[in-house]
2 protein chains.
Amino acid sequence: MSRHKLYNSDEVLEKAMHVFWNNGYENTSVRMLEKEMGINQFSIYSSFSNKHNLFIESLKKYREYVNKNVYADLLKPGARLKDLELFLNRFTEHKKTGKKYKGCLVVNSTGEINPADDVVSVELNNYYMFIKGMLKTVLSNSIEAGDISADTDIDVYSNFLLGVMQGLSVGAKVLPGNQIRDIIKVSLSVFK
Amino acid sequence: MSRHKLYNSDEVLEKAMHVFWNNGYENTSVRMLEKEMGINQFSIYSSFSNKHNLFIESLKKYREYVNKNVYADLLKPGARLKDLELFLNRFTEHKKTGKKYKGCLVVNSTGEINPADDVVSVELNNYYMFIKGMLKTVLSNSIEAGDISADTDIDVYSNFLLGVMQGLSVGAKVLPGNQIRDIIKVSLSVFK
DNA sequence: ATTATAACAAAGCATATGCTTAGATATATT
DNA sequence: AATATATCTAAGCATATGCTTTGTTATAAT
């Protein structure tokens with residue numbers, strides 16, 4: 001009955017996500033998206049309606065992406081405090097290689113986006129709740145493993161750790177490595 | 001020998017700072033600046049060269065502004081731990097009034113700006129070093145007052161607190177009040 | 001009073017922006 | 001084979017963007 005798409009919507013969406021991640025929302029033009037996604041503007045608009053919506057979809061995709069590529073170790077069954085420590089220390093890794101840390105797409109967007117943009121705000125919150133859930137599981141596993149005190153208030157401490165991660169996502173973009181290491185060290189000391 | 005300026009450069013700069021603070025760098029147009037600063041584009045360009053430079057100047061102005069209007073209590077001679085606690089709790093105040101917290105101009109910009117923009121990066125770092133200096137003084141005062149252990153490593157803990165503040169600047173824009181309070185509570189517990 | 005200079009307002013410039021339209025092409029159904 | 005429909009490319013649209021130019025006005029020195 002009709003012609004087939006020459007592209008996979010999910011694949012081009014992931015490419016769009018990377019463009020937003022690299023440049024931020026406002027600094028990403030539809031021409032840039034067109035080029036990186038490898039499809040025509042017509043196709044972008046017919047698949048994703050408009051730039052704002054494509055951004056929302058990219059935020060959702062980002063959650064999927066980090067799930068597989070960034071938080072994999074922390075999401076493994078039984079992940080506990082030492083895994084969290086290993087993970088947090090990755091915020092300092094790029095300093096050795098000399099590369100610039102581009103930050104977390106969601107944290108960057110939290111800074112950039114107008115707080116009155118409710119559609120985006122909801123999606124940002126979804127992400128943070130996903131992270132918090134992960135942290136709760138890690139803390140729960142850590143109690144079970146005897147890493148931390150059994151009466152640790154998991155909800156309170158997962159909120160704290162979420163805050164620490166938000167701070168690191170900002171700090172790691174501009175602060176020297178030793179400052180980042182201090183933040184991690186003191187943050188984890190609350191479990192001792 | 002010539003006509004006088006009808007505006008005060010420093011006053012219109014402060015207005016420009018607020019426009020950037022409210023909208024972010026990319027989402028601020030020269031037309032918006034023109035309107036809010038109350039001067040013509042010609043005057044903007046003759047006083048501040050270009051938009052990028054006006055932004056840099058606005059970042060410097062911001063430091064001056066928060067010095068007077070945001071951190072005044074923490075910069076008072078002898079400010080110590082309880083003052084820091086009072087200050088941090090302000091991150092939750094806007095929740096009661098229902099207003100949206102627009103964040104810290106510098107933290108927002110850290111998220112938005114391309115890390116490769118060295119001119120901006122330097123200015124962001126200047127700001128963070130200003131905050132860190134303030135925190136060091138507060139910690140030093142706190143030791144002197146006997147609030148915290150005398151062998152507290154001021155440098156390490158000021159780095160930690162800077163990280164906490166960066167986290168709160170992000171978190172307070174989107175997270176519920178109780179989560180912010182948890183972050184503050186646990187953060188300050190490291191001094192007990 | 002004349003002149004030189006700098007600030008002013010407003011229009012203008014080239015280009016970039018988000019998004020749409022027009023026409024060609026491919027494919028599944030009849 | 002003919003038709004209908006969804007996809008493709010590429011050009012186009014109105015407006016917004018950062019920045020400049022033009023011509024006028026005010027002021028200080030001559």
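Source: prediction; values computed, not measured.
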Legend entry - salt bridge (Lys or Arg N to Asp or Glu O under 4.0 Å) assessment of A:E34 paired with A:R31: CA-CA 5 Å; A:E34 188 176 31; A:R31 265 82 176 172; 5.2 Å; no

Inset, instruction - Only pairs at least two apart or in different chains count here, so list each side chain to side chain donor-acceptor pair (under 3.5 Å) that has a residue in residues 175-192 of chain B. - result: A:N159-B:D182

Legend entry - Shortest non-hydrogen separation from A:N89 to A:I184 and the atoms involved: OD1-CD1, 3.9 Å

Inset, instruction - Give a yes/no verdict on a cation-pi contact between B:K51 and B:Y25, requiring under 6.0 Å between NZ or CZ and the six-membered ring centre and an angle within 45° of the axis. - result: yes

Inset, instruction - With A:K102 as reference, evaluate A:N23, A:N22, A:N108 under the side-chain hydrogen bond (donor to acceptor under 3.5 Å, both in side chains) test and give the passing residue. - result: A:N22

Inset, instruction - May I ask you to decide if A:K15's main-chain N or O and A:K61's side chain share a donor-acceptor pair within less than 3.5 Å? - result: no

Inset, instruction - State which residue, out of A:K68, A:R80, A:K82, A:R90, fulfils the salt bridge (Lys or Arg N to Asp or Glu O under 4.0 Å) condition with A:D73. - result: A:R90

Inset, instruction - Check the side chains of B:E123 and B:N126 for a donor-acceptor pair under 3.5 angstrom, ignoring hydrogens and angles. - result: yes

Legend entry - Check: B:R3 side chain, D:dT27 base, donor-acceptor under 3.5 Å: no

Inset, instruction - May I ask you to verify if any side-chain N or O of B:H4 is less than 4.0 angstrom from the OP1 or OP2 atom of C:dA6? - result: no

Got a list of protein N/O to nucleotides 18-21 of chain D N/O distances below 3.5 Å?
from: D:dG18; atom 1: OP1; to: B:T28; atom 2: O; distance (Å): 3.3
from: D:dG18; atom 1: OP1; to: B:K51; atom 2: NZ; distance (Å): 2.7
from: D:dG18; atom 1: OP2; to: B:V30; atom 2: N; distance (Å): 2.7
from: D:dG18; atom 1: N7; to: B:R31; atom 2: NH1; distance (Å): 2.5
from: D:dG18; atom 1: O6; to: B:R31; atom 2: NH2; distance (Å): 3.0
from: D:dC19; atom 1: OP2; to: B:Y45; atom 2: OH; distance (Å): 2.8
from: D:dC19; atom 1: OP2; to: B:K51; atom 2: N; distance (Å): 2.9
from: D:dC19; atom 1: O5'; to: B:Y45; atom 2: OH; distance (Å): 3.3
from: D:dC19; atom 1: N4; to: B:Q41; atom 2: OE1; distance (Å): 2.5
from: D:dC19; atom 1: N4; to: B:Q41; atom 2: NE2; distance (Å): 3.1

Inset, instruction - List in numerical order all residues of residues 6-21 of chain B for which some heavy atom is under 4.0 Å away from an atom belonging to DNA chain C. - result: B:L6, B:Y7

Inset, instruction - May I ask you to evaluate whether A:S43 reaches the phosphate of D:dC8, defined as a side-chain N or O under 4.0 Å from OP1 or OP2? - result: yes

Inset, instruction - For A:S46, report the nucleic acid contact type (base, sugar-phosphate, nothing); a contact means any heavy atom under 4.0 Å. - result: nothing

